[in-house]
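Let me begin by handing over the structure; questions about it come next.
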Number of protein chains: 2
Amino acid sequence: MPEPEPPPPQPELTFLLGMGFQLLLAEFDARVAERGYGDLRPIHGLAFQALRPAGATSSELAARLGVTKQAAGQIVDDLERRGYVRREPHPAGGRRRLVVLTEAAHRHLAVAGRVLHALEAELGDRLDVSELRADLERLVGVLADGRPLPPLRPVW
Amino acid sequence: MPEPEPPPPQPELTFLLGMGFQLLLAEFDARVAERGYGDLRPIHGLAFQALRPAGATSSELAARLGVTKQAAGQIVDDLERRGYVRREPHPAGGRRRLVVLTEAAHRHLAVAGRVLHALEAELGDRLDVSELRADLERLVGVLADGRPLPPLRPVW
DNA sequence: TCCGTGAGTAAAGCAGCTTTACTCATCCGT
DNA sequence: ACGGATGAGTAAAGCTGCTTTACTCACGGA
């Protein structure tokens, strides 16, 4: 019989990472949606975190999210229409405008944080999460190879 | 001073999974591209794997990739134009057509396999990959909760 | 024979971006 | 004081990789 090419020997590490991320994020997203935030995608949560401490301009937001400033501007437009952010005059003046979170966004961050920690705690009952976390930190450290981590993006 | 919400305590597990996947896939993709396959995206590799043993109809391919049959049809059209697959009459007749891999696709699978294993071997020199793999298998098992694993998709 | 079923195709629509091309306000060097 | 250069923001079109809607066609069985 013909022997075309060796099959992947085990579940590939790359595959497992992707599948783990996909399943965990899906579960997180479903639970957050259950709590009334079905209108927010992961990128919105990342935007909230990027804006958390004191706000930012949409150009700064663009850099932190790894998208163009036009895309960031569209995200901010969308979030503003839905009451999650406000645009305020920028203290440094110029053409800048400071994008800041509203109370609604802070409430979402609090809920999302609680959901995430509850989820990790549940996982902690079934496997050694701290070992996994330590291994992943090493993996990320090795692959980043001294460079700063790029923004987290939809991958492909 | 106001105390808005607790900051995430550590690098979140979800974040680390996503970042690990993103970095590892990017490195894999770059190395495969260096070997002359810059024209193939991850979805094409997944399609090759789904078609490997004896080919499949494009509807079967759609199911395995988790996309509509129209999307699978477009992927097949694209791969056919570029010489990675052929459409043959289906032995079971009907309107079906069997999509099979050409030698070019088998060569790509062989190259991609070697690159992936080399990459994992390099990581193995710097961290305990088998422990990580075992942890990830447990994580995926817990999150899948008895259900079959869904197709791997771009996540968000 | 006719109908149901499932494969495949065609065309339009859509989300979420990027690219290209600008407008403005401020800053800095002369 | 002035004339760029710089960087924020906006506008509009384009693009990719899908989905949705709507068919056509071949076969299989009642």
Side-chain angles (χ1 to χ4, degrees), chain A residues 18 22 25 29 33 38-47 50-51 54-82 84-100 150-156, chain B residues 18 22 25 29 38-48 50-51 54-82 84-100 150-156:
Chain A
Q22 173 170 314
L25 184 63
D29 212 60
D39 58 340
L40 291 175
R41 292 180 302 120
I43 189 100
H44 299 129
L46 294 176
L51 296 173
T57 67
S58 49
S59 291
E60 285 164 353
L61 179 60
R64 293 177 196 174
L65 294 180
V67 299
T68 59
K69 55 186 182 173
Q70 292 86 336
Q74 289 177 29
I75 290 170
V76 171
D77 285 346
D78 177 39
L79 290 174
E80 189 176 37
R81 259 185 286 105
R82 290 151 62 192
Y84 289 110
V85 304
R86 270 191 312 272
R87 286 192 231 235
E88 300 184 346
H90 196 286
R95 215 181 149 137
R96 275 173 261 191
R97 309 184 66 188
L98 192 64
V99 180
V100 297
L152 193 54
R153 299 294 321 278
V155 173
W156 84 68
Chain B
Q22 175 171 313
L25 184 62
D29 213 58
D39 57 340
L40 291 175
R41 292 179 304 120
I43 189 96
H44 299 130
L46 294 177
F48 291 169
L51 294 173
T57 67
S58 49
S59 290
E60 284 163 355
L61 179 61
R64 293 177 195 174
L65 294 181
V67 299
T68 60
K69 56 186 183 173
Q70 291 87 336
Q74 288 177 31
I75 291 171
V76 170
D77 285 346
D78 178 39
L79 290 174
E80 189 176 38
R81 258 185 288 106
R82 292 151 62 194
Y84 289 109
V85 303
R86 271 192 311 272
R87 285 193 232 234
E88 300 184 344
H90 196 286
R95 216 181 148 137
R96 274 172 261 191
R97 308 184 65 187
L98 193 64
V99 180
V100 297
L152 194 54
R153 298 297 317 278
V155 174
W156 87 66

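Naming: A, B, ... by sequence-line order, numbering from 1 per chain.
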Which residue pairs pass the salt bridge (Lys or Arg N to Asp or Glu O under 4.0 Å) test with at least one member in residues 60-73 of chain B, sequence neighbours excluded?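 Every candidate salt bridge (Lys or Arg N to Asp or Glu O under 4.0 Å) pair involving residues 60-73 of chain B fails, so no pair, neighbours aside, qualifies.
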Between C:dC17 atom P and A:L61 atom CG, what is the distance in whole Å? 11 Å
Interface residues of residues 41-48 of chain B with DNA chain D (non-hydrogen, below 4.0 angstrom): B:R41
Rounding to a whole Å, what distance do you find between B:Q74:CD and D:dT20:C1'?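 Atom-to-atom, B:Q74 to D:dT20, this comes out as 12 Å.
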So, applying side chain to side chain contact (heavy atoms under 4.5 Å, CB included) with B:V85, which one of B:L61, B:L51, B:I75 is it? B:L51
Taking only side-chain N and O atoms of A:T57, does any of them lie within less than 4.0 angstrom of OP1 or OP2 on D:dA8? no
Side chain to side chain donor-acceptor pair (under 3.5 Å): which pairs involve residues 87-96 of chain A, sequence neighbours left out? A:D77-A:R87, A:E80-A:R87
Could you list the residues that satisfy side-chain hydrogen bond (donor to acceptor under 3.5 Å, both in side chains) with A:R86, not counting sequence neighbours?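 Checked A:R86 against side-chain hydrogen bond (donor to acceptor under 3.5 Å, both in side chains); zero matches.
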Is A:T68 near enough to C:dT19 that one of its side-chain N or O atoms lies under 4.0 angstrom from OP1 or OP2?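 For C:dT19, neither OP1 nor OP2 has a side-chain N or O of A:T68 closer than 4.0 Å.
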Using side-chain hydrogen bond (donor to acceptor under 3.5 Å, both in side chains) as the criterion, list what pairs up with B:R41, not counting sequence neighbours.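 Once residues adjacent in sequence are excluded, B:R41 has no partner under the side-chain hydrogen bond (donor to acceptor under 3.5 Å, both in side chains) criterion.
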Residue B:V67, side-chain atoms from C-beta onward, closest of D:dC18, D:dT10, C:dC17: D:dC18
The residue, B:G66 or A:R96, whose nearest nucleotide of DNA chain D is more 5′ is A:R96
Review item, nucleotides 21-28 of chain C N/O atoms under 3.5 Å of protein N/O:
from, atom 1, to, atom 2, distance (Å)
C:dT23, O2, A:R95, NH1, 2.7
C:dC24, O4', A:R95, NH1, 2.3
C:dC24, N1, A:R95, NH1, 3.3
C:dC24, O2, A:R95, NH1, 3.2

Along DNA chain C (nearest heavy atom to each residue), the more 5'-positioned of B:W156 and B:R87: B:R87
